[in-house]
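Input: a single structure, listed below in structure tokens.
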Amino acid sequence: MQNKEIAKIFLEIAELLELKEGNRFKIRAYENAARNIENFEQNLEGIYKKSGLKGLEELEGVGESIAHKIEEFIKYKKIKKHQDLLKEFPKGFLALVDIPGMGPKTAMKLHKELNINSVTDLEKAVKKGLLKNLPGFKEKKQENIKKGIELKKKSRGRYLISEANEFADSLIKQLKNLKEADKIEVAGSLRRRQETIGDIDILVTAKKPEIVMDSFTQLPEVRRVLAKGETKSSVILNNNMQSDLRVLNPDEFGSALHYFTGNKQHNIKIRELAIKKGLKVSEYGLFKGDKKIAGKVEKELFDALGLQYIPPELRQGLEELETAKEGKIPKLIELSDIKGDLQMHSTHSDGKNTIKEMAEYAKNLGYSYIAITDHSISERIANGQSEKELFKAFDEIDKLNARLKEFKILKGVEVDILPDGSLDFSDDILKECDVVLAAVHSGFKMPQDKMTKRIIKALQNKYVNIMAHPTGRLINERDPYDVDVHEMLKAASDTGTFMEINAHPKRLDLKDVHIKIAKEMGILFAISTDSHATISLENMKYGVSMARRGWTTKNDVINTLPIDKLLKKLYSKR
DNA sequence: GCCGTTTTCGGCCCGACTGTTTTCAGTCG
Ligand SMILES: Nc1nc2c(ncn2[C@H]2C[C@H](O)[C@@H](COP(=O)(O)OP(=O)(O)OP(=O)(O)O)O2)c(=O)[nH]1
Ligand SMILES: [Mg+2]
Ligand SMILES: [Mg+2]
Ligand SMILES: [Zn+2]
């Protein structure tokens, strides 16, 4: 998607202006535009072609000047201001400010004083010990820069939410052993259930913060202490992940949790709203002059600002404040609303457990149904089943269903969408299924119009109930295939096909922004784990979180329905 | 550079920690 390239350019303009000590609000304007463009779900070129500059300016953070620059990029694939700024600095210079602890001021100083043009130059200078001779520099600063370079090299980027969850649980478990720790909560992107996580943010309330700080910085998984103060510490863990801890007073819990949950843009908007009301918000509370008027719990803070409570998943710094002002934040779906799981695999294709084992595990989760959706024949690498094998599995399901009480196994299949848009099984076979999932598993590298037509053709099949992992992305591994998501959603809406929210932490597909627009189009979802083993049935929570980030309620999701209503919904397309 | 149920001009979040400084700048959350 072109938006990513455009966002990157504006971010670079911001960085370059920072090096030149430009106006910091102008810099922030470029940063804001970059972030909003990056997270925008429609292609800017499409918007421009349809609605011109005015269309672009509808985007938050995009005004006349930036809209013109977007236009420039669409026409010429580059932006002059960006090119001109780049020319003022050596190639590779921007990488310097990516080093933790190095900001624009330090980078420029080293550039001017020591002619440092790149990270390689910097490494050499550090090795020779040249930095500590500069005014304002001593041994420690040089050492920190050296460590910063090492850290940058080791850092693995962003983590899957499941990985971060595991690390966080381990840290929290140990903090819970401290009797000095009052409340302990995960905060930051992990509490917002963002699809990837940069670091682990933890909030503790305590009357004696020093003891908590000491313990945290001495945990066995801590490799390095980046900073340690009275209310805040940062460490690097053995797995190279960063963890930030804030420790505040118990009566500051609400405002502290709100601050530390973010996101940053949401915080800024909250604080701006407070200013308009003659108030001030910080992690220490909501203040009117010197008087604290809220902060014990989050709800108190929202109340005092005239806002409905905003669940963490919605705190994205977008339109959630406006919606909360109007009292229109919906009651989001919860894990306990889920009554069944509509995508999983068994030993009949590439799953590790039998149908019976999957059913029993699901029943123990409190579900009243599952669908077994093994792969179709073309999926050779995933041991796709032939028609004969499929019906053998269905016989097995009939026998199990006869014995299971208050639980039903649905006969399903995850059928491949072949490159021409036809399906891997004929309608004669599909009509024997209770639920049919269609998915793209091969031929990813197709031009957008072909891929879009391919998928739409599949959605038009009256037996296809659910489009599985609709964009095909694998987080940190594989980009989505090139499909026009809007056209796909339109087809889903026209044909009464449901969209999957795949709960696997590597997929999370559809993702939040797409879920949101699909919901606005009236599309219903199936949140499914795509499990290949019983334990993965536990991934449902990640799918529900993604659904919540897309503003969905219980009514938007078909696997919250009791079995009779679900079956009716599934058969209604035929 | 963006934005507007008090504004089309004049605001733009607020605070912690470090290293270096003798009062604060830089970086980060
Ligand atoms: N008010 C305010 N709050 C901030 C700022 N930067 C960070 N925060 C708050 C909101 C963030 O969600 C929270 C944790 O900061 P992080 O840098 O860890 O960001 P976050 O966890 O949101 O994303 P991440 O996945 O770690 O990149 O601290 C800021 O500049 N101003
Ligand atoms: Mg974080
Ligand atoms: Mg953090
Ligand atoms: Zn699949």
Side-chain angles (χ1 to χ4, degrees), chain A residues 10 13-14 17-19 21-37 56-70 81 96-110 131-132 134-145 147-148 151 187-189 198-203 209 213 217 225-235 242-248 252 255-256 258-287 306 317 321-322 325-326:
Chain A
F10 288 136
I13 291 179
L17 289 175
E18 234 185 328
L19 290 170
E21 303 190 39
N23 180 298
R24 65 199 181 96
F25 300 111
K26 194 192 272 196
I27 292 166
R28 207 175 97 178
Y30 276 109
E31 287 169 351
N32 282 341
R35 193 189 46 253
N36 290 332
I37 289 166
L56 295 174
E57 285 179 44
E58 305 256 305
L59 245 125
E60 216 187 302
V62 177
E64 209 186 321
S65 162
I66 290 185
H68 272 103
K69 292 190 175 66
I70 295 171
K81 184 178 176 102
L96 283 172
V97 290
D98 274 346
I99 295 167
M102 278 265 289
K105 295 284 188 327
T106 313
M108 284 314 285
K109 187 161 192 176
L110 296 180
L131 272 61
K132 61 176 189 290
L134 298 174
F137 277 78
K138 277 182 161 174
E139 197 68 58
K140 270 193 177 153
K141 241 183 199 172
Q142 173 165 292
E143 190 56 27
N144 279 341
I145 286 174
K147 284 180 176 167
L151 207 62
S189 50
D199 68 351
I200 294 173
D201 302 297
I202 299 173
L203 171 71
M213 283 301 176
T217 49
V225 178
L226 295 173
K228 178 165 177 268
E230 280 172 32
T231 80
K232 178 175 144 182
S233 291
S234 289
V235 301
Q242 182 171 330
S243 181
D244 298 329
L245 178 75
R246 290 288 316 244
V247 185
L248 280 88
E252 293 157 349
S255 48
H258 178 266
Y259 150 73
F260 212 22
T261 297
N263 65 10
K264 173 177 166 177
Q265 199 52 31
H266 171 90
N267 287 355
I268 290 175
K269 287 192 172 187
I270 287 278
R271 289 166 185 214
E272 282 172 347
L273 177 66
I275 292 170
K276 279 200 195 117
K277 291 177 182 279
L279 307 170
K280 184 185 79 170
V281 171
S282 75
E283 57 264 52
Y284 298 101
L286 175 65
F287 297 89
L321 258 68
E322 289 308 312
K325 257 181 228 168
E326 295 164 7

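So you know, we letter chains A, B, ... as the sequences are listed, proteins then strands, and number each from 1.
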* To do: Sequence neighbours left out, what passes salt bridge (Lys or Arg N to Asp or Glu O under 4.0 Å) with A/K138? Give chain and number order.
  => none
Each nucleotide N or O in nucleotides 3-9 of chain B that has a protein N or O under 3.5 Å away: list the pair and distance.
| from | atom 1 | to | atom 2 | distance (Å) |
| --- | --- | --- | --- | --- |
| B/dC3 | OP1 | A/G61 | N | 2.7 |

* Base paired to B/dC14 (Watson-Crick or G-U; both N/O distances under 3.5 angstrom) -> B/dG29
* Round to the nearest Å and state the distance from A/K141 atom NZ to B/dA25 atom C1'. => 8 Å
* To do: Check whether the side chain of A/R28 and the base of B/dC12 form a donor-acceptor pair under 3.5 Å.
  => no
* To do: Would you kindly give the NZ-to-P distance between A/K140 and B/dT27, to the nearest whole Å?
  => 18 Å
* Asked: Does B/dG19 have OP1 or OP2 sitting under 4.0 Å from an N or O in the side chain of A/N144?
  -> yes
* Structure fact -> Closest to the 5' end of DNA chain B, once A/T106 and A/Q142 are matched to their nearest nucleotides, is A/Q142
* Does NZ or CZ of A/K132 fall inside the cone over A/F137's six-membered ring, less than 6.0 Å from its centre and within 45° of the axis? -> no
* Name the nucleic acid region contacted by A/D201, choosing base, sugar-phosphate or nothing; use a 4.0 angstrom heavy-atom cut-off, strictly under. => sugar-phosphate
* **Reported CD-to-CG distance for the pair A/E143 and A/L131, which is rounded to 0.5 angstrom** => 11.0 Å
* To do: Could you tell me whether A/R24 contacts a base, only the sugar-phosphate backbone, or nothing, with contacts defined as non-hydrogen atoms closer than 4.0 Å?
  => nothing
* Specify the separation, in whole Å, of atom OH of A/Y284 and atom C1' of B/dC14. => 10 Å
* How many Å lie between NZ on A/K280 and P on B/dC13, as a whole number? -> 14 Å
* To do: Please figure out whether A/G136 or A/V97 has its closest DNA chain B nucleotide nearer the 5' end.
  => A/G136
* To do: Please measure how far the P atom in B/dG11 lies from the corresponding atom in B/dC17, and state the result in whole Å.
  => 31 Å
* **Nearest-Å distance for atom pair CZ/P, residues A/F137 and B/dT21** => 11 Å
* What's the CD1-C1' distance between A/I70 and B/dC2, to the nearest Å? -> 13 Å
* Base B/dG15 to side chain A/Y259, donor-acceptor N/O within 3.5 Å cut-off -> no
